[in-house]
Amino acid sequence: MCGIAGWVSFDRDLRAAADMATLDAMTETMACRGPDDRGTWTAEHAGLGHRRLAIIDLPGGRQPMTVGTPEGDVALVYSGEAYNFTELRTELTARGHRFLTDSDTEVVLHGYLEWGESLAERLNGMYAFALWDGRHDKLVMIRDRMGVKPFYYWPTADGVLFGSEPKAILANPLARPRVTLDGLRELFTLVKTPGHAVWDGMYEVQPGTVVTVDRGGLRRHVYWRLETRPHTDDQDTSVARVRTLLDDIVRRQLVSDVPRCVLLSGGLDSSAVTLLAAQQLARSGEKVRTFAVDFVGRTENFVADELRTTPDTPFVHDVAREAGTIHRDIVLDPDALADPEVRARMIRARDIPMGLGDMDASLYLLFRAIREHSTVALSGESADEVFGGYLQFFDEEARKADTFPWLVRFAEHFGEDAGMLRDDVNQALGLRAYIRDSYDSAVAGIERLTGESDFEYRMRKICHLHLTRFVRILLDRKDRASMAVGLEVRVPFCDHRLVEYVYNTPWALKSFDGREKSLLREATADLLPRSVYERTKSPYPSTQDPKYAVALQEHARDLLARPDHRVFDLIDRDRLQRVAEHDAPGITSASRRGLERTLDLAMWLDMYEPEMDLG
């Protein structure tokens, strides 16, 4: 996995002591992502930094990794995993390359020497890496197709800064921690504009993209995008193809030289991964280790609502018994979920205040507990986006709306994302117009098959939006929370072969039994317990304990006692006061989210001290 950072400057010598110290500071911000080792490499105009989480070839995979050539050195810093590195290594060996380690990192480096930037098209995996090509004085940055691994850059007057996370870039004095109205718009809308990084002057390397920087400037090349293709397989063939792909994907993603496990929620997605992994590991006499998150008293006192009709734990235990896993429930109490230190760690991990409250806190605490036993975890993340699992896929209003489908009932379930903002700030942001323009841009390039019905094309657009926008929000959350504790989380459902195949499967096949994720359910039906096979979709759990809201209100009252806090440049004090004084057991989900959003904002302003341009 790991964390990377770097600096390219064509007008200065980065081997100067002060610049090397800055590179060290940038690298050290990634310490949580890579607790096992660190390294830097510097040439006249380039510096690369790396923090390592050792997964493959523990003694041999140190970075930065370099290869000398007669024309100059080529150096690499790499984060992620190439799941097909064994096949690539065999091919490269046949072409005359000689390897000194068993690491996938060295395969990526030699792959670049052989194929240049087109190496990206040959990789199967999750990755974000940067190469300094001393033969041409050129930096090459490459990100995986689905955007599983984060990657940011900041163009400078004479080069570029880059890092796995914004904090690495912000550690360089050339980068100003500044947020404009456009950045706030991204914070208060769930639209995930490709390339947008919230921080003014900073950008994401977009998924499926190569970014090169040389003396001629910065260029971008898209090597993969989600394309529309005809689907000719019938139902049985489609189900069989999905199963074949899943068997191969899980087999590849179980490869590790460190302890691994599976995240188990008792839903279809994680249960399928768990049972596939158990089946494969049983061939070598191994058992799967599984972990699930739960809240004190949740199963006994569960109250069903429109989103969550059943608690997770009974289904988790059904799967654990069926698969014979070594299982552990991580049970969290309200005090842990509301702990300001946990909130601070998630804000520091994400570099922005997302306001997801207990859902962020519980994910971080789950990963922290898992890290005591395992270094790699497989997740069911992204199956809902790939196979069509969310309520909005079946909601007629969401299907017909000319906006992002997940926003149609978001306020109804969670409250207005900007509900606590001051009226003048809301007016300046113009969020509705921002969402409308973002939606129009997002659907503009979606290709329609010849002869595709209006309904199938509408569903294609909904699937495309989830796979290119919504999934990236969740993948970023998962990556930041896991890497904050040095845990690598792999996402089998993001394998681009599976994504491409299922995306082009007509909606009539994706929901052939009238239910969500029909293809996935039938592809793994021989493995699933009947209880899970019949269970309806249940989102990531959230605590129902009123003690959590009480703790949030207490923290809000502490904030209100600081009337000069910068958060009140954005947040309406009177609205916060009313929510903070409301009877806690009767507090709405919208009000709770408003508290979480406000507390996150306040802590973020204290931690990062960003310059705010609201003009």
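These values consider heavy atoms only, across backbone and side chains, with no hydrogens, waters or symmetry-generated copies.
Looking only at side-chain heavy atoms (C-beta outward), Leu614 and Thr180 stay at 4.5 Å or farther from each other. Within the 4.5 Å cutoff, no side-chain heavy atoms of Leu139 are placed close to those of Leu131. No side-chain heavy atom of Met30 sits less than 4.5 Å from a side-chain heavy atom of Ile4. Arg308 has its side chain within reach of Pro539: a pair of non-hydrogen atoms, C-beta onward, lies under 4.5 Å apart. Side chains of Tyr608 and Ile352 form no contact here, defined as non-hydrogen atoms less than 4.5 Å apart. Between Arg469 and Val191, the closest side-chain pair of non-hydrogen atoms falls below 4.5 Å. Counting heavy atoms from C-beta outward, Arg575 and Asp423 have side chains that approach closer than 4.5 Å. Contact of the Leu226 side chain with the His464 side chain is registered, since non-hydrogen atoms from C-beta on lie closer than 4.5 Å.
Here the side chain of Ser441 pairs no donor or acceptor atom with the backbone of Asp437 at under 3.5 angstrom. Although no hydrogens or angles enter the test, the distance criterion places no donor-acceptor pair under 3.5 Å between the side chain of Arg348 and the main chain of Arg343. Judged purely by atom type and a 3.5 angstrom limit, Arg350 has no side-chain atom pairing as donor or acceptor with the backbone of Met354. Looking at Arg472, its side chain never comes within 3.5 Å of a backbone N or O of Pro194 through a donor-acceptor pair. Without hydrogens or angle criteria, Ser382 side chain to Glu385 main chain gives no donor-acceptor distance under 3.5 Å. Checking side-chain atoms of Glu456 against main-chain N and O of Ala508 turns up a donor-acceptor pair under 3.5 Å. For His466 (side chain) and Ile462 (main-chain N/O), a donor-acceptor pair under 3.5 Å exists by modelled atom type. Put simply, the side chain of Gln253 never gets that close to the backbone of Leu378: no donor and acceptor are under 3.5 Å apart. At distances below 3.5 Å, at least one donor-acceptor pair connects side-chain atoms of Asn504 with backbone N or O atoms of Glu500. Put simply, the side chain of Asp11 never gets that close to the backbone of His45: no donor and acceptor are under 3.5 Å apart.
Around atom CD of Glu412, more than 12 heavy atoms belonging to other residues, nucleotides or ligands sit under 6.0 Å away. Open room surrounds CZ on Arg220; 12 or fewer heavy atoms of other groups in view lie less than 6.0 Å from it.
The cationic atom of Arg597 (NZ for Lys, CZ for Arg) lies less than 6.0 Å from the six-membered ring centre of Phe188 and within 45° of the ring axis. Annotation: cation-pi pair Arg460/Trp507 absent, no NZ/CZ under 6.0 Å from the ring centroid and within 45° of its normal. With a 6.0 Å cutoff to the six-membered ring centre and a 45° limit on the axis angle, Arg143 does not count as a cation-pi contact of Tyr152.
Put simply, the residue from Val471, Val502, Leu246 that forms a side-chain contact (heavy atoms from CB on, under 4.5 Å) with Phe493 is Leu246. Screening Tyr390, Phe410, Tyr439, Phe470 against Phe404 for a ring-ring contact (aromatic ring centres under 6.0 Å, His included) leaves a single residue, Tyr439. Residue Lys149 forms a side-chain hydrogen bond (donor to acceptor under 3.5 Å, both in side chains) with just one option from Asp144, Asp479, Asp476, and that option is Asp479. Tested against Leu475, the residues Arg480, Met126, Glu381 include a single side-chain contact (heavy atoms from CB on, under 4.5 Å) partner, Glu381.
Remark: the Tyr112 side chain and the Asp133 side chain contain an N/O donor-acceptor pair separated by less than 3.5 Å. Inspection of the Asp358 and Thr543 side chains reveals no N or O donor paired with an N or O acceptor under 3.5 Å. For the 3.5 Å distance criterion, the side chains of Tyr540 and Ser362 qualify, holding a donor opposite an acceptor.
Note on ring orientation: taking the six-membered ring where Trp is involved, the planes of His565 and Phe568 are perpendicular (angle over 60°, cut-offs 30° and 60°). Using cut-offs of 30° and 60° for the angle between ring planes, the Trp132 and Phe10 rings count as tilted.
Note that CG of Leu245 is 6.0 Å distant from CZ of Arg497, once rounded to the nearest 0.5 Å. The CG atom of Leu474 sits 10.0 Å away from atom OG of Ser379, with the distance rounded to the nearest 0.5 Å. The distance from atom CZ of Arg178 to atom CH2 of Trp199, rounded to the nearest 0.5 Å, is 12.0 Å. A distance of 9.5 Å separates CZ of Arg593 from CG of Asp600, quoted to the nearest 0.5 Å. Between the NZ atom of Lys537 and the CG atom of Asp269 there is a distance of 6.0 Å, given to the nearest 0.5 Å. For the atom pair CZ (Arg185) and OH (Tyr434), the distance works out to 7.5 Å, reported to the nearest 0.5 Å.
Under the 4.0 Å criterion applied to side-chain N and carboxylate O atoms, Glu396 and Arg399 are assigned as salt-bridge partners. Here Asp495 does not pair with Arg252 in a salt bridge; the nearest charged N to carboxylate O distance is not below 4.0 Å. The existence of a salt bridge linking Asp384 and Lys517 is confirmed by a sub-4.0 Å separation between a basic side-chain nitrogen and an acidic carboxylate oxygen. With salt bridges taken as basic N to acidic carboxylate O contacts below 4.0 Å, one links Arg458 and Asp402. Checked for salt-bridge contact, Lys192 and Glu186 miss the test: no charged N lies under 4.0 Å from a carboxylate O. Salt-bridge formation is not detected for the pair Glu609/Arg566: no Lys NZ or Arg NE/NH1/NH2 atom is positioned less than 4.0 Å from an Asp or Glu carboxylate oxygen. Using a cut-off of 4.0 Å between Lys/Arg side-chain N and Asp/Glu carboxylate O, Glu165 and Arg33 are scored as salt-bridged. Taking 4.0 Å as the cut-off between side-chain N and carboxylate O, Asp214 and Lys138 do not count as a salt-bridged pair. Salt bridge present: Asp351 and Lys167 bring a charged side-chain N and a carboxylate O closer than 4.0 Å.
Listed here is the closest heavy atom pair of Thr156 and Val8: OG1-O, 4.4 Å. In terms of heavy-atom proximity, Lys510 sits nearest to Thr505 at NZ-O, 2.5 Å. Across Leu181 and Gly615, no two heavy atoms sit closer than the pair CD1-O, 3.3 Å. Of all heavy-atom pairs between Thr598 and Val567, the closest is O-CG2, 4.0 Å. Nearest heavy atom pair, residue Cys463 against residue Phe393, reads SG-CE2, 3.8 Å. Closest approach of Phe151 to Ala130, counting heavy atoms only: CZ-CB, 4.2 Å.
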Problem - Full working for side chain to side chain donor-acceptor pair (under 3.5 Å) between Ser265 and Ser270 - result: CA-CA 6 Å; Ser265 71; Ser270 65; 3.1 Å; yes

Problem - Residue pair Asp613, Val179: steps toward the side-chain contact (heavy atoms from CB on, under 4.5 Å) verdict - result: CA-CA 6 Å; Asp613 184 354; Val179 176; over 6 Å; no

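You'll find the ring centres of His231 and Tyr501 inside the 6.0 Å limit. Taking the six-membered ring for Trp and the full ring otherwise, the centers of Phe162 and Tyr153 sit at least 6.0 Å from each other. In this structure, the ring of His196 has its center no less than 6.0 angstrom from the ring center of Tyr203.
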